[in-house]
Amino acid sequence: METARFRCGYVALIGRPNAGKSTLLNRLVGEKIAAVSNKPQTTRHRIQGIVTRGDGQIIFVDTPGVHKPGHLLNRRMMAAVHDAILSVDLLVLMRDASVSTGNGDRFVLELIKQSTKPAVLLLNKIDKIREKSRLLPLMEFYSREYDFAEIVPTSALKGDEIDILLTEIIKHLPEREAIFSGDELTDQSMRTIAAEMVREKILEATGDEIPYVTAVVTEVYDESDPELLKIYCAIYVERPSQKKIVIGKQGSRIRDIGTAARIEIESLTGKRVFLKLFVKVVEDWRNREPALDELGVNA
């Protein structure tokens, strides 16, 4: 019998906001490297998660949720989606199977069809569906629309069918040697990951008080002291009223945000962390080229 050859390639996770892409990426990699929130458009950077097994290596590209471009920020994020589609070996269309099909879902599907690339359909959040037979019409609809290589129902939150998903993805990657070493989980720096963790905690803490107007950049990442990692993060908002919301009464909210983020950063780095947060008001930063450049949201 011929021995199966090692396969390796780039895979883009494509889907609407809140489809569960970042949750899946963190589940697959086993570490928290992508911001997770129930607010849309949480992912701003193309964070790569790397999964290496005996039969192959998958380099995941986590894209922003597909949405209508409005601000310059949104246009840059959608450009990242199109760039990812062009540059990868395989697409994974991630669909929230617990909600009905809308125009946004059809728009994402159209992007996949236009690419003509091999694709896997991932029906996520099946843990929210009691009667699994409800999946059948959805599977039939997508099968009629595009020749998907595989259709995999899963729950990224619960971890259901993750091994099956990885096996099916590797099966459709090109035969070649690994690009990254086996112990690498992401190509993102800890500076970027720390900022993502802080931003997730802001979204959790502010709930519906602040719309999608916050961003975080790590301004200082000091490893000179082997006993203590020092991190200074700037939080961008657009109005003084939003700054007050982030800081909270007598600074209580920003302290809670910092504590929650620090605990996760310490868990990931294995070091004691001193985390300092401060808030910058930059009016209309989502439409300002310099602000987006500083935040690393590429054009």
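Just so you know, these numbers use all the heavy atoms, side chains as well, and skip hydrogens, waters and symmetry mates.
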Q: Run the numbers on D127 and K158 for salt bridge (charged side-chain N to carboxylate O under 4.0 Å, His left out), then give the verdict.
A: CA-CA 8 Å; D127 54 299; K158 303 289 186 182; 5.1 Å; no
Q) Can T23 and N124 be said to form a side chain to side chain contact (heavy atoms under 4.5 Å, CB included), step by step? A) CA-CA 10 Å; T23 301; N124 191 33; over 6 Å; no
Measuring from atom [atom1] of [X] to atom [atom2] of [Y], what distance do you get when rounded to the nearest 0.5 angstrom?
{"X": "L91", "Y": "I169", "atom1": "CG", "atom2": "CD1", "result": "11.0 Å"}
{"X": "L93", "Y": "I112", "atom1": "CG", "atom2": "CD1", "result": "5.0 Å"}
{"X": "T101", "Y": "L109", "atom1": "OG1", "atom2": "CG", "result": "9.5 Å"}
{"X": "D55", "Y": "L173", "atom1": "CG", "atom2": "CG", "result": "10.0 Å"}
{"X": "Y221", "Y": "M190", "atom1": "OH", "atom2": "CE", "result": "4.0 Å"}
{"X": "I151", "Y": "S143", "atom1": "CD1", "atom2": "OG", "result": "3.5 Å"}

Under a 4.5 Å cut-off applied to non-hydrogen side-chain atoms, are [X] and [Y] in contact?
{"X": "I162", "Y": "L24", "value": "yes"}
{"X": "M94", "Y": "R16", "value": "no"}
{"X": "F274", "Y": "R262", "value": "no"}
{"X": "E161", "Y": "I164", "value": "yes"}
{"X": "I193", "Y": "M197", "value": "yes"}
{"X": "V92", "Y": "I14", "value": "no"}
{"X": "Y236", "Y": "V216", "value": "no"}
{"X": "H172", "Y": "P118", "value": "no"}

Would you check if the side chain of [X] reaches a backbone N or O of [Y] as a donor-acceptor pair within less than 3.5 Å?
{"X": "Q57", "Y": "V51", "value": "no"}
{"X": "T218", "Y": "V220", "value": "no"}
{"X": "S267", "Y": "I263", "value": "no"}
{"X": "K132", "Y": "I126", "value": "yes"}
{"X": "R27", "Y": "L157", "value": "yes"}
{"X": "D105", "Y": "G102", "value": "yes"}
{"X": "R7", "Y": "P174", "value": "no"}
{"X": "S252", "Y": "G248", "value": "no"}
{"X": "R255", "Y": "Q250", "value": "yes"}
{"X": "Q242", "Y": "E238", "value": "yes"}

Going only through I, L, V, M, F, W and Y residues with side-chain contacts under 4.5 Å, is there a path from [X] to [Y]?
{"X": "V273", "Y": "Y232", "answer": "no"}
{"X": "L13", "Y": "V99", "answer": "no"}
{"X": "I265", "Y": "L228", "answer": "no"}
{"X": "I235", "Y": "V281", "answer": "yes"}
{"X": "F141", "Y": "F148", "answer": "yes"}

Which heavy atom of [X] sits nearest a heavy atom of [Y], and at what distance?
{"X": "Y146", "Y": "A119", "result": "CE2-CB, 4.0 Å"}
{"X": "L275", "Y": "A261", "result": "CD2-CB, 3.9 Å"}
{"X": "E168", "Y": "K171", "result": "OE1-NZ, 2.8 Å"}
{"X": "I231", "Y": "A194", "result": "CD1-CB, 4.3 Å"}
{"X": "D222", "Y": "L229", "result": "O-CD1, 3.5 Å"}
{"X": "V88", "Y": "K117", "result": "O-NZ, 2.6 Å"}

**Q.** Stepwise side chain to side chain contact (heavy atoms under 4.5 Å, CB included) check, T154 with L122
**A.** CA-CA 7 Å; T154 189; L122 183 59; 3.1 Å; yes
Q: Take T206 and R253, measure what side chain to side chain donor-acceptor pair (under 3.5 Å) needs, and give me the verdict at the end.
A: CA-CA 9 Å; T206 57; R253 177 170 280 162; over 6 Å; no
**Q.** side chain to side chain contact (heavy atoms under 4.5 Å, CB included) assessment of V246 paired with V237
**A.** CA-CA 9 Å; V246 173; V237 295; 4.1 Å; yes
Q: Can you spot which of K271, K230, R191 makes a salt bridge (Lys or Arg N to Asp or Glu O under 4.0 Å) with E223?
A: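 Only one option passes, and that is K271.
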Q.
Before you tell me yes or no, could you show the steps for V279 and I254 under side chain to side chain contact (heavy atoms under 4.5 Å, CB included), namely the whole-Å CA-CA distance, both residues' side-chain angles and the distance that decides it to 0.1 Å?
A. CA-CA 9 Å; V279 185; I254 199 168; 3.8 Å; yes
(Q) Before you tell me yes or no, could you show the steps for E266 and R272 under salt bridge (charged side-chain N to carboxylate O under 4.0 Å, His left out), namely the whole-Å CA-CA distance, both residues' side-chain angles and the distance that decides it to 0.1 Å? (A) CA-CA 6 Å; E266 286 180 336; R272 285 197 309 121; over 6 Å; no
Q.
If you apply the rule salt bridge (charged side-chain N to carboxylate O under 4.0 Å, His left out), what do you find for E219 with K276, and how did you get there?
A. CA-CA 10 Å; E219 298 200 341; K276 176 72 173 178; over 6 Å; no
Q: Salt-bridge test for E131 and R134: reply yes if a basic N is under 4.0 Å from a carboxylate O, no otherwise.
A: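 Answer for the salt bridge query: no.
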Q.
Check E145 with R106, please: is the shortest side-chain N to carboxylate O separation under 4.0 Å?
A.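 Salt bridge flag = no for E145 with R106.
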